[in-house]
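Everything below concerns the one structure shown next.
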There are 2 protein chains.
Amino acid sequence: MARDVVAAIRGAGADPRLLSTGPIEGVEGLDALAGDVPVVVDDRSLTAAVDGVVESFEADDARDAVAVLMADLPLATPEAVGRLLDADGDVVLVPGRGGGTNAVVVRVDGFRVDYHGVSLRDHRRTARDLGATVGDVDSFRLSTDVDEPADLVEVLLHGAGAAADWLVDAGFDVAVDDAGGRVRVTRT
Amino acid sequence: MARDVVAAIRGAGADPRLLSTGPIEGVEGLDALAGDVPVVVDDRSLTAAVDGVVESFEADDARDAVAVLMADLPLATPEAVGRLLDADGDVVLVPGRGGGTNAVVVRVDGFRVDYHGVSLRDHRRTARDLGATVGDVDSFRLSTDVDEPADLVEVLLHGAGAAADWLVDAGFDVAVDDAGGRVRVTRT
């Protein structure tokens, strides 16, 4: 999934970096990114580690915006990331299902993240408290993160990258339960 | 939810009609639409009833496209519906979660729907078999249908219409489970 997100960011013309809790060399799936993308290793909590990146952006006069995308967005495409980077707002927020924040663009100083609880609502409030304008992006692809087995149906139906390929190679498929007509994921 | 969808369609400059299994007068929630929007009553299955609408469009020389939106899309906005109506393609498909089809635009003769099973995949195949070009719209708002209690979180967080108002009036709210950090819907 991280490879799909990195490819989408690069396809949108931006410079991806990977924030990781540890070195990625030798880690299945991630190893392919070693040497391909700069890796920032930070073993703190997600919130603290992302804030570290946001703070480093504030200190970098050569950059005027930073975008933070979760790595479990395997439906991300260059087009969807392009819409994110082009969206208006001092802070741009993309919701995940259940109140999460799948992506954020920060163009002002002082914004800090908090991924606990209903993070989207907290991020909106934080931005408003700063007097920052808040934009959003209406994207199924960016709002679809993978938390539960049922989410793999979305990857199989709409993915076209490394994650979808991995699922197919591993024998995953979409099946319809004839009784209820519900769609579920199966593995042979 | 149907009122929100009707308002979004109208806000996008199109002419909404409501396809219903029966008269809406006196039906809680829907009664407000009586006299406000033309109602087509058809008590057949969803697939047969929608095909009836698509067929009547083919016979109407004054119209060159018909859009069919499910009525349980309470996050729909005029902007999102506008993107749907502007999307390129002889057939435009908007997925729902789990392989459903939340919206379809038909600009060719001969296309028929089938909402059983993985309808999005079937609709793609039907369009290709016709030699029709297939477009899509990447929209969290249009891809969010309401099937399960957890989906109400999305309405409370992102809705701004009649469905969200109803939920708030009825005492629904979003809560965070402190133990797991998961977001859920509560009712007081």
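- Looking at every heavy atom in both residues, A:Leu75 comes nearest to A:Glu154 through CD2-O, 3.6 Å.
- Contact annotation for B:Arg184: neither backbone nor side-chain heavy atoms come within less than 4.5 Å of a heavy atom of chain A.
- When A:Gly100, A:Ser139, A:Ala80, A:Ala175 are compared by the number of non-hydrogen pairs under 4.5 Å with chain B, A:Ser139 comes out ahead.
- Linking ILVMFWY side-chain heavy atoms closer than 4.5 Å, directly or via other members, places A:Val168 and A:Val146 in a single hydrophobic cluster.
- With contacts defined as side-chain heavy-atom distances shorter than 4.5 Å, the pair B:Asp136/B:Val94 does not qualify.
- No option in A:Arg3, A:Arg10, A:Arg17 other than A:Arg10 meets the salt bridge (charged side-chain N to carboxylate O under 4.0 Å, His left out) test with A:Asp36.
- Taking the charged nitrogens against the carboxylate oxygens, B:Asp86 and B:Arg83 have no contact shorter than 4.0 Å, which rules out a salt bridge.
- Of the atoms belonging to B:Arg121, it is side-chain heavy atoms, and not backbone ones, that fall under 4.5 Å from chain A.
- Heavy atoms of A:Leu120 lying under 4.5 Å from chain B belong exclusively to its side chain.
- The most heavy-atom pairs under 4.5 Å with chain A, out of B:Val174, B:Leu157, B:Val153, come from B:Leu157.
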